[in-house]
Enquirer: 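This is the structure I have questions about; it appears just below.
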Amino acid sequence: GQQLNQSPQSMFIQEGEDVSMNCTSSSIFNTWLWYKQDPGEGPVLLIALYKAGELTSNGRLTAQFGITRKDSFLNISASIPSDVGIYFCAGSVNNTDKLIFGTGTRLQVFP
Amino acid sequence: ETGVTQTPRHLVMGMTNKKSLKCEQHLGHNAMYWYKQSAKKPLELMFVYSLEERVENNSVPSRFSPECPNSSHLFLHLHTLQPEDSALYLCASSQDWMAGPGPYEQYFGPGTRLTVT
């Protein structure tokens, strides 16, 4: 079945640093979503992408829909302690399809 | 904050118990989902309801029984569970593409942490 490979699996960074993570698929997706999950909570939608090449920002977060339609990237600038959590990518082939989730990137931010 | 609530937040049950998880969405969506989240595994889709009809059942054991009485409420009835069913159970909702224009992003509740002893 379809799989999403998310990397890195975990990151340990210092407050103020920029962060990059990515998600790759073995097949083409037409929708990419990025979620963040805090401990003991459900995933919260951060950014939704619908067009190849699209670059979308949400505050310090920027996500891109890869040109090949097989990948997506999430960047966090000037990280702060509340950025700690697990970041998930999710994709679907089209709006009628279920979402496929990546395995997550665990982010730790040290002051 | 997300408009999707789940109760209870934590549940401990024995293998012979019967319990139910409840989900309610206040977003005006018409599709609802149950997911299972286990440690170090991707989110696993269990059931999908669209316009109150079950449209997907991902080979989930019959000890899990969903119910969707209306577009705002979703239940997951549990009976004779196994210890390996211990996990975080997440409910989500979205607009359904068949029911009109998007966006179609899924919004999640906080989850129910289930422990089967």
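All values below were derived from every heavy atom in this structure, side-chain atoms included, with hydrogens, water molecules and symmetry-related copies excluded. Residue numbering restarts at 1 for every chain, and letters A, B, ... go by the order of the sequence lines.
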Enquirer: Leu33(A) and Leu27(B): same hydrophobic cluster, using ILVMFWY side-chain contacts below 4.5 Å?
Expert: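 Yes, Leu33(A) and Leu27(B) fall within the same hydrophobic cluster.
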
Enquirer: Could you check whether any side-chain heavy atom of Leu90(B) comes within less than 4.5 Å of a side-chain heavy atom of Glu41(A), counting everything from C-beta outward?
Expert: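 No, side chains not in contact.
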
Enquirer: Checking heavy atoms, do the side chain of Gln6(A), its backbone, both or neither come under 4.5 Å from chain B?
Expert: neither

Enquirer: Does one side chain, of Tyr50(A) or Glu105(B), offer a donor that lies under 3.5 Å from an acceptor on the other?
Expert: yes

Enquirer: Can you tell me how far apart OG (Ser94(B)) and CG (Leu99(A)) are? Round to the nearest 0.5 Å.
Expert: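 The OG atom of Ser94(B) sits 8.0 Å away from the CG atom of Leu99(A).
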
Enquirer: Given the rule that I, L, V, M, F, W and Y join up when any side-chain heavy atoms are under 4.5 Å apart, are Trp32(A) and Leu61(A) in one cluster?
Expert: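 Yes, Trp32(A) connects to Leu61(A) through the hydrophobic network.
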
Enquirer: Say you draw a straight line from CD of Glu44(B) to CZ of Phe101(A); how long is it, rounded to the nearest 0.5 Å?
Expert: 12.0 Å

Enquirer: Would you say Arg9(B)'s side chain and Gly40(A)'s backbone share a donor-acceptor pair under 3.5 angstrom?
Expert: yes

Enquirer: Is there a path from Val12(B) to Met15(B) through hydrophobic residues (I, L, V, M, F, W, Y) whose side chains come within less than 4.5 Å of each other?
Expert: no

Enquirer: Contact between Phe108(B) and Gln37(A) at the side-chain level, heavy atoms closer than 4.5 Å - yes or no?
Expert: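 No. Closest side-chain heavy atoms not under 4.5 Å.
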
Enquirer: Does Glu15(A) CD have over 12 foreign heavy atoms under 6.0 Å away?
Expert: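 Counting other residues, nucleotides and ligands, CD of Glu15(A) exceeds 12 neighbours.
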
Enquirer: Is it true that Met13(B) and Leu88(B) fall in one hydrophobic cluster, defined by side-chain heavy atoms closer than 4.5 Å?
Expert: no

Enquirer: Group every Ile, Leu, Val, Met, Phe, Trp and Tyr by side-chain heavy-atom contacts under 4.5 Å, then state whether Val109(A) and Leu74(A) land in the same group.
Expert: yes

Enquirer: Given that the side chain runs from C-beta out, which part of Tyr35(B) has a heavy atom under 4.5 Å from chain A: side chain, backbone, both or neither?
Expert: side chain

Enquirer: Take Gln37(B) and Phe88(A) through the side-chain contact (heavy atoms from CB on, under 4.5 Å) test and state the conclusion after the steps.
Expert: CA-CA 12 Å; Gln37(B) 187 177 37; Phe88(A) 290 98; 3.4 Å; yes

Enquirer: When you measure from the side chain of Tyr107(B) to the backbone of Pro43(A), do you find a donor-acceptor pair of N or O atoms at a distance under 3.5 Å?
Expert: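 A pair under 3.5 Å: no.
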
Enquirer: Assess whether atom CD of Glu53(B) is packed by more than 12 heavy atoms of other residues, nucleotides or ligands within 6.0 Å.
Expert: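 No, not enclosed.
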
